[in-house]
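Accompanying notes for the structure given below.
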Amino acid sequence: MRIGYPCINRTIGCRSDRTFRLKSYSEELLMETVQNNLDCLWKILEFNVRHNLLFFRITSDLVPFASHPICRFNWQAYFNSKFRRIGTFIKANSIRISMHPDQFTLINSIDNSIFERSLSELVYHAEVLDSMGLDSSAKIQIHVGGVYGDKKESMERFVKRVERIPQAVARRLVVENDDRNYTLRDCIDLSNETELPVLFDVFHHEVNNLGETLGEAFSMFYRTWKPRDGIPMVDYSSPRLEGRKGSHAESIDMKRLGRFLEETRNYDFDLMLEIKDKEKSALKAVESVRRDGRFQRIIIARQDSTPFKVI
DNA sequence: TCACGTCAAGCAGAT
DNA sequence: ATCTGCTTGACGTGA
């Protein structure tokens with residue numbers, strides 16, 4: 001098991017998701033921004049390794065407007081050596097990487113042009129991971145998409161559209177259950193059709209399920225992952241106790257996490273903690289899990305030259 | 001320096 | 001009709 005957090009580090013004082021307005025687009029500004037973002041990503045990954053946080057979601061804003069028609073810049077070539085260096089660091093330290101395109105990426109849209117734009121966005125995400133030389137265990141997680149008034153038809157459209165996605169991109173795709181439209185069961189059904197692994201979101205499942213227990217849910221999604229996909233990924237967040245339902249808590253509830261880990265102790269998986277305070281909660285979780293002798297399977301970084309050890 | 005209107009993109013549910 | 005959340009506020013103009 002590796003533990004990680006998404007996109008942003010609030011401790012080290014740089015951002016890898018800096019962007020700018022489309023109106024102010026220029027090649028110079030793009031180059032400068034990507035330079036900054038890659039430098040910051042490097043610093044975040046170094047921080048993560050020092051703190052045994054070996055699962056990280058790379059922001060979709062790493063290369064702003066990369067999939068927009070305005071971008072004619074060959075950022076892959078220009079930043080090639082930087083991407084390779086980061087990728088080498090990731091592999092040397094056994095860091096697991098994911099990406100999560102935003103809500104505008106809709107494979108199953110009724111509107112074919114939205115699908116085409118979404119495909120460009122997915123190609124961009126895959127190119128980031130390709131540029132780093134990462135294998136197919138580096139995943140791009142997507143939701144099924146909209147319902148458009150007919151769920152069955154929208155799921156069939158999802159399957160047909162996935163068949164049109166190039167293998168270089170599709171090999172990285174994983175489909176995640178969401179909190180309103182598509183349950184874990186739906187994702188499993190789609191996985192059977194498309195062979196895409198299912199990324200299990202614990203919180204989404206709690207608010208949108210067909211009555212499966214946590215154990216049943218794990219046995220369902222777990223077998224959708226093949227060896228080439230790496231260890232299954234799980235998204236975990238604590239719901240905010242007061243206020244709007246569906247929003248995320250500011251900090252992690254360690255007791256709740258402890259119960260979750262206890263219930264799932266027979267499975268090995270990489271755990272993404274989607275908590276507002278990001279690396280702070282992830283650190284608490286790593287320390288807690290390390291102290292707890294029952295959990296023997298967390299991967300922690302070595303601080304010397306050898307890449308990692310399993311305790 | 002700071003306030004604040006606005007920002008590439010879509011959907012669904014609440015108000 | 002308009003607003004809000006989604007994984008997340010921050011860009012950048014105008015004063």
Side-chain angles (χ1 to χ4, degrees), chain A residues 4-10 13-26 29-30 32-33 36-37 40 44 55-71 97-125 139-151 153-155 157-158 161 174 176-183 186 199 201-204 207-208 233-240 243-250 252 271-282:
Chain A
Y5 62 100
C7 305
I8 294 167
N9 182 300
R10 290 179 165 181
C14 71
R15 302 193 65 100
S16 64
D17 61 341
R18 254 186 53 197
T19 183
F20 47 82
R21 295 284 182 259
L22 181 57
K23 269 197 286 192
S24 49
Y25 183 93
S26 73
L29 184 53
L30 180 72
E32 182 192 315
T33 305
N36 166 84
N37 289 351
C40 181
I44 291 174
F55 187 16
F56 188 65
R57 183 184 300 163
I58 294 175
T59 174
S60 297
D61 284 332
L62 196 68
V63 184
F65 303 105
S67 73
H68 191 282
I70 200 173
C71 180
I97 294 293
S98 68
M99 295 185 84
H100 193 342
D102 67 28
Q103 61 271 28
F104 306 108
T105 304
L106 290 159
I107 287 180
N108 79 341
S109 177
I110 289 176
D111 182 342
N112 194 60
S113 67
I114 291 176
F115 167 67
E116 294 293 345
R117 284 199 295 277
S118 298
L119 181 53
S120 303
E121 183 71 357
L122 293 175
V123 167
Y124 150 65
H125 282 76
K139 292 303 189 190
I140 301 167
Q141 59 188 92
I142 48 160
H143 292 292
V144 181
V147 174
Y148 310 98
D150 188 335
K151 194 167 176 180
E153 199 173 282
S154 295
M155 287 173 72
R157 198 166 47 249
F158 180 89
R161 290 278 179 63
V174 295
E176 176 188 352
N177 58 305
D178 67 68
D179 56 355
R180 310 189 170 45
N181 301 331
Y182 293 98
T183 61
D186 294 327
L199 187 153
D201 187 303
V202 179
F203 180 36
H204 289 166
V207 297
N208 185 22
M233 292 176 174
V234 173
D235 280 2
Y236 182 97
S237 58
S238 303
R240 186 188 288 279
R244 301 190 58 273
K245 68 173 191 301
S247 60
H248 287 176
E250 184 60 36
I252 193 164
L271 183 62
M272 176 63 60
L273 298 176
E274 297 180 328
I275 314 286
K276 278 210 191 310
D277 68 1
K278 302 288 178 184
E279 76 284 355
K280 286 200 178 66
S281 281

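In what follows, every chain begins at residue 1, and chains take the letters A, B, ... in the order their sequences are listed.
Taking atom P in both dT7(C) and dA3(B), one finds a spacing of 31 Å when rounded to whole Å. Here the separation of dA12(B) from dG9(C), taken at their C1' atoms, is 22 Å to the nearest Å. A gap of 30 Å separates the P atoms of dC2(B) and dC6(C), to the nearest Å. For dA1(C) and dC7(B), the P atoms lie 22 Å apart once the distance is rounded to whole Å. For the P atom pair drawn from dT8(C) and dG12(C), the interatomic distance equals 22 Å after rounding to whole Å. Using atom P as the reference point in both dA8(B) and dT13(C), the two lie 12 Å apart (nearest Å).
Within residues 59-66 of chain A, the residues approached by DNA chain B to less than 4.0 Å at the level of any non-hydrogen atom are F65(A), in residue-number order. Applying a 4.0 Å cut-off to non-hydrogen atoms, the residues of residues 97-111 of chain A that approach DNA chain C are H100(A), P101(A), D102(A), Q103(A), listed by residue number.
Note: CG (D17(A)) to C1' (dA8(B)) measures 16 Å, nearest angstrom. Taking atom CD1 on I70(A) and atom C1' on dA9(B), their separation rounds to 14 Å, with Å as the unit. Separating the CZ atom of F115(A) from the P atom of dC11(B) is a distance of 15 Å, rounded to the nearest angstrom. Between R57(A) atom CZ and dT8(C) atom C1' the separation is 11 Å, expressed in whole Å. Rounded to whole Å, atom P of dC6(C) lies 15 Å from atom CG of N177(A). Spacing between atom NZ of K23(A) and atom C1' of dG12(C) amounts to 10 Å, rounded to whole angstrom units. Taking atom CG of L29(A) as the reference point, atom C1' of dG12(C) lies 11 Å away to the nearest angstrom. Going from atom CG of D178(A) over to atom P of dG13(B) covers 10 Å, rounded to whole Å.
With hydrogens and angles left out, the side-chain atoms of S113(A) and D111(A) include a donor and acceptor closer than 3.5 Å.
Checking side-chain atoms of D179(A) against main-chain N and O of N208(A) turns up no donor-acceptor pair under 3.5 Å. The backbone N or O of N181(A) sits less than 3.5 Å from a side-chain atom of D178(A), completing a donor-acceptor pair. Side chain of R161(A) to main chain of S109(A): a donor-acceptor pair is present (N/O by atom type, distance under 3.5 Å, no hydrogens or angles). In this structure, N108(A) contributes its side chain and R157(A) its backbone to no donor-acceptor pair below 3.5 Å.
Between dT7(C), dA8(B), dC11(B), one nucleotide has an atom nearer to the side chain of S67(A) than all others, and that is dA8(B). When each of dT8(C), dT7(C), dA8(B) is scored by its nearest atom to the side-chain atoms of R10(A), the top-ranked nucleotide is dT8(C). Side chain of R117(A), nearest nucleotide from dC11(B), dA9(B), dA12(B): dA9(B). Looking at the side chain of H204(A), the nearest of the listed nucleotides dT7(C), dC11(B), dA8(B) is dT7(C).
Across all strands, S24(A) comes closer than 4.0 Å only to sugar-phosphate atoms, never to a base (heavy-atom distances).
For D186(A), the side-chain contact (heavy atoms from CB on, under 4.5 Å) partners two or more places apart in sequence, or in a different chain, are K151(A), M155(A), Y182(A), T183(A). Residues meeting the disulfide bond (SG atoms under 2.5 Å apart) test with C40(A), sequence neighbours left out: C14(A). R117(A) is linked by a salt bridge (Lys or Arg N to Asp or Glu O under 4.0 Å) to nothing, counting only residues two or more places apart in sequence or in another chain. With sequence neighbours excluded, the residues satisfying side-chain contact (heavy atoms from CB on, under 4.5 Å) with I8(A) are R10(A), R15(A), D17(A), K278(A). The salt bridge (Lys or Arg N to Asp or Glu O under 4.0 Å) test applied to D61(A) returns no partner, not counting sequence neighbours. In this structure, D201(A) has no salt bridge (Lys or Arg N to Asp or Glu O under 4.0 Å) partners at least two apart in sequence or on a different chain. Every residue was checked against the salt bridge (Lys or Arg N to Asp or Glu O under 4.0 Å) condition with E153(A), not counting sequence neighbours, and none meets it.
Atom NZ in K139(A) sits 14.0 Å away from atom CE in M99(A) (nearest 0.5 Å).
In this pair, Y25(A) and F65(A) present their aromatic rings perpendicular. The plane angle is above 60°, beyond the 30 to 60° band.
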Extract from the structure each pairing of a protein N or O with an N or O of nucleotides 3-6 of chain B at less than 3.5 Å, listing the distance.
residue: dT6(B); atom: O2; partner: R21(A); partner atom: NH2; Å: 3.2

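Sequence order on DNA chain C of the closest nucleotides to I8(A) and R18(A) puts I8(A) first from the 5' end. With the nearest nucleotide of DNA chain C identified for both R180(A) and F20(A), R180(A) has the one nearer the 5' end.
Residue pairs meeting the ring pair (Phe, Tyr, Trp, His ring centres under 6.0 Å) criterion with at least one partner in residues 98-125 of chain A, sequence neighbours excluded, are W75(A)-Y124(A), H100(A)-H143(A).
At the phosphate of dT7(C), OP1 or OP2 sits under 4.0 Å from a side-chain N or O atom of H143(A). Here R15(A) reaches the OP1 or OP2 of dA10(C): one of its side-chain N or O atoms lies under 4.0 Å away.
Checked against the 6.0 Å centroid threshold, F203(A) and Y236(A) do not count as a close aromatic pair.
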- Task: Represent DNA chain B in dot-bracket notation, 5' to 3'. Only Watson-Crick or G-U wobble pairs with both distances under 3.5 Å count; pseudoknot-style crossings use [ ] and interstrand partners use |.
- Result: |||||||..||||||

